[in-house]
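These numbers come from a predicted model, not from an experiment. Excluded from the calculations below are hydrogen atoms, water molecules and symmetry mates; all remaining heavy atoms, backbone and side chain alike, are included.
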Amino acid sequence: MRFTFLIIAFITIVSGLDNGLGRTPPMGWNTWNHFQCQVNEQLLKDSADAMIELGFYEAGYKYLNLDDCWEGHRDENGYITTDPITFPGGIKALADYAHEKGLLFGIYSDAGRLTCARRLGSLGYEDKDAQRYAEWGIDFLKYDNCHNDGSPEIQRYVKMRDALNKTGRPIFYSICEWGKSKPFLWGRAVGNSWRTTLDIRATWASIISIIQKQQMITKYAGPGGWNDPDMLQIGNGQLTLEEQRSHFSLWAALKAPLLLGFDIRNPPVDAKAIALNEEIIAINQDPLGLSVSIVQRTRFYDIWTGPLSDGYVAVLFNRGEIPVVITLYFASHCNLEGEIAVRDLWEHADKGNFATSYFSRVPKHGVTVVKLTGGSRINKHNEPLFLQQIWDEDIVDDDPIEIDISINGDQIY
């Protein structure tokens, strides 16, 4: 398909998000992938305890996020209330519980009349809901896109952004419109992250599909605003160990939010070990905040590389059904020359110094992730070594679209 950056309707954004958050991608835990609507007050408290006691908080996972199905009714003044059966103590008490432990607390709503689980959404009540979230001490809002009125996504998401700004409370704003209106083009002026795809499933096919959709949009991620390929599925479904490592590694290197979704009270052994790999986490949280980009794609494997504040990272990713040897060429894949020190971030081992290349035997559906230090940048830019560009109609279509996005008269795209 032909990709174009022409635009839909002319929309001017007169003020941007002003919360100072998201200088690195958020890390935390969310209820949806494992529990969906089977949530209650005690589950959230127990999960908060587990985040502290099992080392997740220490590793950097700070957000305890309650997804859909907490909502009750609106009171006589139009303010949202909590489900009195599953959350009898209310959301503020849960946020206070999290804050007392040093955690941050997140919540969910929808830019429609109803949420995806058919609870009350925020469309038309943006100011009241944002005010209530601030009063409750909310630190993170995931804002979904179900049951909306058909108005442009950007229009509905700007309304909630402005409502959040008016509260004066910094609340991480996670746009979840599923990539429908190319939010990577306008999301930075509106939110702190933006979903790029439909919902992830705990299957290898879903993970592969989502990775492919990130290929041409990695440049839009950076401090303050991140591409969001959806929450992590490690520890869920029937993913193999290698598939889970690949999933986690690529999300980390793409600088995606790292939001865990297994039962954190009883984490699967493999998933816990993966989630607590401090060297992979460090790639995600690197202060430079630049995503890896794909530099080679073949029938069987990808190579993704990108700069760090103290080196370079390369992800050698085997999509194929048998083990394969993948060679990383420093010049053509990383624009580096000279003697390069290589460290394997899953083996936690220094592999030595190399002059021109490094190769690894990568298992089926697996990855090798290496950090490179030393050498020097080559002045000339090498074009990516892949020719095949895979698109999906959910992200890119053949219809030209045009958009005018500016802040106080200054173009942001």
Side-chain angles (χ1 to χ4, degrees), residues 1 3 5 7-9 11 17 25-26 30-33 36-37 65 67-69 106-119 121-123 126 140-161 172-203 205-218 220-221 225-233 247 250-251 254-259 261 390-399 401 403 405:
M1 291 184 178
F3 189 71
F5 291 111
I7 304 241
I8 297 180
I11 300 173
L17 185 67
N30 180 285
T31 56
W32 185 258
N33 281 351
Q36 297 190 350
C37 274
N65 289 353
D67 210 282
D68 205 349
C69 304
I107 208 166
Y108 166 101
S109 191
D110 191 288
R113 294 178 299 101
L114 300 173
T115 70
C116 296
R118 304 191 70 83
R119 301 294 185 102
S122 292
L123 185 65
E126 292 85 359
F140 185 112
L141 173 64
K142 175 184 173 182
Y143 203 45
D144 221 329
N145 197 30
C146 288
H147 304 290
N148 63 71
D149 61 0
S151 60
E153 279 81 9
I154 189 171
Q155 176 179 310
R156 289 179 287 110
Y157 282 86
V158 164
K159 283 183 180 178
M160 180 55 84
R161 178 207 63 188
F172 187 103
Y173 186 25
S174 173
I175 297 168
C176 184
E177 57 83 86
W178 323 317
K180 288 177 66 66
S181 62
K182 302 178 176 62
F184 45 87
L185 295 180
W186 51 265
R188 181 170 292 279
V190 180
N192 297 112
S193 65
W194 43 88
R195 275 277 295 279
T196 58
T197 68
L198 295 172
D199 287 1
I200 191 172
R201 300 183 303 279
T203 67
S206 177
I207 291 167
I208 286 289
S209 174
I210 288 174
I211 290 169
Q212 290 174 349
K213 293 170 187 173
Q214 311 310 303
Q215 289 185 16
M216 302 302 287
I217 64 173
T218 55
Y220 298 105
W226 308 100
N227 290 320
D228 177 8
D230 205 1
M231 299 174 292
L232 292 161
Q233 287 283 16
H247 176 23
L250 281 157
W251 263 236
L254 287 164
K255 302 302 191 290
L258 297 183
L259 297 176
I390 295 183
W391 295 105
D392 185 279
E393 60 185 3
D394 291 332
I395 293 295
V396 179
D397 54 36
D398 290 319
D399 297 326
I401 61 168
I403 202 163
I405 301 179

What's the separation between atom [atom1] in [X] and atom [atom2] in [Y], rounded to the nearest 0.5 Å?
X	Y	atom1	atom2	value
Ser174	Asn65	OG	CG	8.5 Å
Leu232	Trp251	CG	CH2	7.5 Å
Gln214	Thr197	CD	OG1	6.5 Å
Thr196	Leu254	OG1	CG	9.0 Å
Trp32	Leu259	CH2	CG	15.0 Å
Lys213	Ile211	NZ	CD1	11.5 Å

Side chain to side chain donor-acceptor pair (under 3.5 Å) with [X]: which residues, sequence neighbours excluded?
X	answer
Asp110	none
Ser206	none
Thr115	Asp68
Glu177	Ser181

Does [Y] offer a backbone N or O that forms a donor-acceptor pair with the side chain of [X] under 3.5 Å?
X	Y	answer
Tyr173	Tyr157	yes
Tyr220	Arg188	no
Asp230	Ile200	yes
Asn227	Ile217	yes

Contacts of Lys142 meeting salt bridge (charged side-chain N to carboxylate O under 4.0 Å, His left out) (sequence neighbours excluded), chain-then-number -> Asp67

I need the minimum non-hydrogen distance between [X] and [Y], along with the two atoms involved.
X	Y	answer
Cys116	Tyr108	N-OH, 3.4 Å
Asn145	Lys180	ND2-CD, 3.7 Å
Pro25	Ala256	CB-O, 3.5 Å
Ser122	Tyr143	CB-OH, 3.4 Å
His147	Arg118	CE1-NH1, 2.9 Å

Contacts satisfying salt bridge (charged side-chain N to carboxylate O under 4.0 Å, His left out) that involve residues 144-160 (not counting sequence neighbours) are Asp149-Arg156, Glu153-Arg156

Q.
Please determine whether side-chain contact (heavy atoms from CB on, under 4.5 Å) holds for the pair Cys69 and Gln36, giving the CA-CA distance in whole Å, both sets of side-chain angles, and the decisive distance to 0.1 Å.
A. CA-CA 8 Å; Cys69 304; Gln36 297 190 350; over 6 Å; no

(message) Parallel, tilted or perpendicular: which one describes the rings of Phe172 and Phe140, with boundaries at 30° and 60°?
(response) parallel

Show your working on side-chain contact (heavy atoms from CB on, under 4.5 Å) between Leu141 and Ile107 and close with a plain yes or no. CA-CA 5 Å; Leu141 173 64; Ile107 208 166; 3.9 Å; yes

